[in-house]
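Contents: one structure, followed by commentary.
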Amino acid sequence: MCGIFGFSNKVEDKKNLLKMMGNKMIHRGPDGDGYFIDNNIAMGMVRLSIIDIQKGNQPFFNRSQDVVVMCNGEIYNYLELKKELKKEGFEFKTDSDIEILPFLYEKYGIEFVKKLNGMFVIALYDKNKNLFYLIRDRLGIKPLYFTIQNDDLAYASELKSLLLIPGLDKQIDFDALSTYLDLRYIPRPLSPFKGINKLDSGSYLLWNGENISIEKYWENSLSLMANNSEQEIMDEFDILLNNSIEMELISDVPVGSFLSGGIDSSVVTTLASDLCQDKFSVFHMRWNEIPGKIDESMFAEKVIQNKNVTKYFRDVNNIDVVNLLPKLIYHLDEPFADAAFFPTYYLANLASEKVKVILSGAGGDELFGGYPHHTNYSKIKSMINGMLGRKALAYSYFDIWRSEHQNKWKQMFPWYKKSIFKNQFEYKWKNNKDHDSINSIMLNDIEYYLQDNILFLTDKMTMAASIECRVPLLDHRIVELSHRIPSSYKIKGNDRKHIFKKWALQYLPRDVLYRQKEGFGFPIELWINKYKDLYFDLLLENGSLISNQLIDKKQLYKLTSKMTLTPDECWFYWQILVLEIWLEVFIDDIPYNNLYDF
């Protein structure tokens, strides 16, 4: 695991610029660094040592030293691929999973990427052909930003590093910010800056020194529904998930898992603790007296009862929201208002004291139908709502997720454009809803909410704590299987995740599986009203939004003048606050720990 970065720009001291880019994301790789520089490209990485700690430093080269590779991530099936390459006469100097990549490219060309099982962003330079590739994993688990400006390419795992490129155009993309207001996050390929994009998942970028092209090598798409019985599907899933977890346990450093007490993390923890040959740790946050949160520790305790694990349960009585918020937005790189990033960072920080690799249950709800919106909607009710300007859920997937505050956004922000990302956002749902309406909703959930919200925040918050997070439920083979499972197997009446829970009964107690779902959110309304007058109002009334005339002063003052906000008003206020902090840190270049120096 690491952060990668690079550029083709003709700068005077390429090594120094690479080091500056690496220092900006040293949290992603505190254990070492590596560089490659020639006349055409400068490549760098910072390393979090996971496999072959002593000899796994990058870059890696092929036999003739004309293919250069750096990678952020892990190749889980590297032992199998290494065995295949050895039969072909390839020799290896290390036990690193990344060393196989230039050899695979030498043998198969760019098609080698289809052989990989893992989470990764790969930078690969073919010196002889003067071709440079950036390759992102199938589900977008690992992030990558890139830009082409003045005929030069630059890229980085984190936006803050990319912004160090000299002469980079940092013009704000207000369409992206409008989409943030609609969805609480910015979906790919957008970023907060015009001309800077996120590389699509399951794709590779090819740059030949003049032009770029982007090709998909894997598509998130529904398949023909299986005619198999529920039992046959459960048997196939059981084999795949056990194999996925077994591969993702491979590590030369301690491994653990997040355990909320919910279904997905409980399944992953149970299987991992049984399969792990070494010491295995589990991490849980116990929400004590915090309003709006349920204590799930009793369910977490049941999951690990009689298991050979070391548990770390941390009581949460208070979180330093005021000082933590600017720091975490700095690490997020973008305006991002899913407040689950707070507990994710808190838990990752706890885990980082004991392990360097953590397993997560992310993906189970999107694959198997765990959300309330995974249901059929009344067309008549939706038609009436649409005529009244409300959410028409049967006719718009975008309406499932969009903000309730669109009219207020227009009053607050003169640049706001309503639903500007709608057509692209619901494209896959539209193309599949007549085939299987519920599965088409899950497909679209995987395409954007899972990748650009859940996996985005998981990567940024775990990396902020210098810990690697692996997601065994999102092995691409499991995702492909889920796309073949009829929705009637996933949801039966009011029983969501039906087939998943039925399968899990062999591993978990019934009362862990069949209980009210508790999300991994954060009680924003509590913290907003607690710190509004002392800190947040002052920040907004003296901040970047007002000084740059990006907000309607009167509308803002109506909000800041209120002593206490309703829960709905708190979420409205929260998104404005996040945007303000992002502007001050990334546009005004104010250090995040100096934001409250009024």
Side-chain angles (χ1 to χ4, degrees), residues 139 220-238 240-241 244 260-268 340 360-378 382 393-394 396-401 425-426 428-455 471-508 510 512-521:
L139 273 299
N220 173 39
S221 59
L222 294 182
S223 307
L224 289 174
M225 293 299 110
N227 292 319
N228 309 64
S229 67
E230 284 190 359
Q231 188 59 51
E232 288 171 326
I233 290 172
M234 289 190 293
D235 290 344
E236 183 179 355
F237 174 67
D238 189 74
L240 288 176
L241 184 55
S244 173
S260 68
I263 298 172
D264 303 329
S265 66
S266 297
V267 161
V268 169
S360 162
D365 289 325
E366 291 80 7
L367 267 57
F368 295 100
Y371 295 128
H373 66 261
H374 293 152
T375 185
N376 286 311
Y377 296 101
S378 165
S382 292
L393 302 181
S396 172
Y397 173 83
F398 186 77
D399 276 4
I400 294 172
W401 292 104
F425 187 75
E426 60 185 23
K428 291 201 171 183
W429 169 79
K430 277 186 175 179
N431 282 4
N432 290 278
K433 64 186 178 72
D434 295 331
H435 174 55
D436 184 326
S437 61
I438 295 176
N439 262 329
S440 70
I441 290 174
M442 294 180 215
L443 177 72
N444 227 119
D445 287 352
I446 294 167
E447 185 68 15
Y448 285 113
Y449 176 69
L450 175 65
Q451 295 190 46
D452 297 326
N453 184 315
I454 300 297
L455 295 178
V471 281
L473 281 168
L474 294 178
D475 183 306
H476 70 275
R477 299 168 300 167
I478 294 174
V479 176
E480 290 168 354
L481 171 63
S482 78
H483 288 333
R484 293 190 285 111
I485 302 174
S487 58
S488 58
Y489 286 5
K490 297 178 181 178
I491 297 174
K492 286 192 180 294
N494 294 321
D495 184 22
R496 296 195 295 271
K497 294 172 82 167
H498 164 76
I499 194 170
F500 186 82
K501 290 186 285 190
K502 185 176 178 181
W503 162 82
L505 278 168
Q506 63 187 301
Y507 297 112
L508 295 172
R510 176 173 285 272
V512 170
L513 294 170
Y514 293 91
R515 67 181 182 88
Q516 180 181 342
K517 178 179 173 62
E518 166 73 0
F520 201 58

Name the orientation class of the two ring planes belonging to Y371 and H373 (parallel below 30°, tilted from 30 to 60°, perpendicular beyond 60°). parallel
With rounding to the nearest 0.5 angstrom, report the [atom1] to [atom2] distance, [X] to [Y].
| X | Y | atom1 | atom2 | result |
| --- | --- | --- | --- | --- |
| E480 | I485 | CD | CD1 | 12.5 Å |
| L139 | I454 | CG | CD1 | 13.0 Å |
| Q231 | I499 | CD | CD1 | 9.0 Å |
| E232 | M234 | CD | CE | 10.0 Å |
| K502 | I233 | NZ | CD1 | 10.5 Å |
| N220 | E447 | CG | CD | 5.0 Å |

Do you know the tightest heavy-atom contact between [X] and [Y]?
| X | Y | value |
| --- | --- | --- |
| I438 | S487 | CB-CB, 3.8 Å |
| S244 | P472 | OG-O, 2.9 Å |
| S265 | G262 | OG-O, 3.6 Å |
| Y489 | H498 | O-CD2, 3.2 Å |
| G361 | V268 | CA-CG2, 4.0 Å |
| A362 | V471 | CB-CG1, 3.9 Å |

For the residue pair [X] and [Y], establish whether any side-chain heavy-atom pair is separated by less than 4.5 Å.
| X | Y | answer |
| --- | --- | --- |
| L513 | F500 | no |
| L443 | W429 | no |
| V267 | L473 | no |
| L505 | Y514 | yes |
| E366 | M442 | no |

Do D365 and H374 have side-chain atoms, one donor and one acceptor, less than 3.5 Å apart?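 There is no such pair between these side chains.
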Residues forming a ring pair (Phe, Tyr, Trp, His ring centres under 6.0 Å) with H435, sequence neighbours excluded: none
Tell me, please, which residues at least two apart from Y377 pass ring pair (Phe, Tyr, Trp, His ring centres under 6.0 Å).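 With neighbours one apart ignored, the set is empty.
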Go through N439 and N432 one step at a time and tell me if the side-chain contact (heavy atoms from CB on, under 4.5 Å) criterion holds. CA-CA 8 Å; N439 262 329; N432 290 278; over 6 Å; no
Test side-chain contact (heavy atoms from CB on, under 4.5 Å) on L241 and I478 and set out the steps. CA-CA 7 Å; L241 184 55; I478 294 174; 3.9 Å; yes
For [Y], is there any backbone N or O sitting under 3.5 Å from a side-chain donor or acceptor partner on [X]?
| X | Y | value |
| --- | --- | --- |
| K497 | L367 | no |
| Q451 | I446 | yes |
| K490 | S482 | yes |
| Y397 | D445 | yes |

Determine, for [X] against [Y], whether the closest basic-nitrogen to carboxylate-oxygen distance falls under 4.0 angstrom.
| X | Y | result |
| --- | --- | --- |
| K433 | E426 | no |
| R484 | E236 | yes |
| K501 | D495 | yes |

Does the side-chain contact (heavy atoms from CB on, under 4.5 Å) test come out yes or no for T375 and I491, once each step is laid out? CA-CA 8 Å; T375 185; I491 297 174; 5.9 Å; no
Run the ring-centre check on F368 versus F237 and record whether the distance is less than 6.0 Å. yes
Might you work through the ring-ring contact (aromatic ring centres under 6.0 Å, His included) test for F398 and Y448, ending with a clear yes or no? CA-CA 11 Å; F398 186 77; Y448 285 113; over 10 Å; no
List the steps, then state whether side-chain contact (heavy atoms from CB on, under 4.5 Å) holds for N444 with I400. CA-CA 11 Å; N444 227 119; I400 294 172; over 6 Å; no
Who pairs with D399 by salt bridge (Lys or Arg N to Asp or Glu O under 4.0 Å), at least two apart in sequence or on another chain?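 Residues passing salt bridge (Lys or Arg N to Asp or Glu O under 4.0 Å) with D399: R402.
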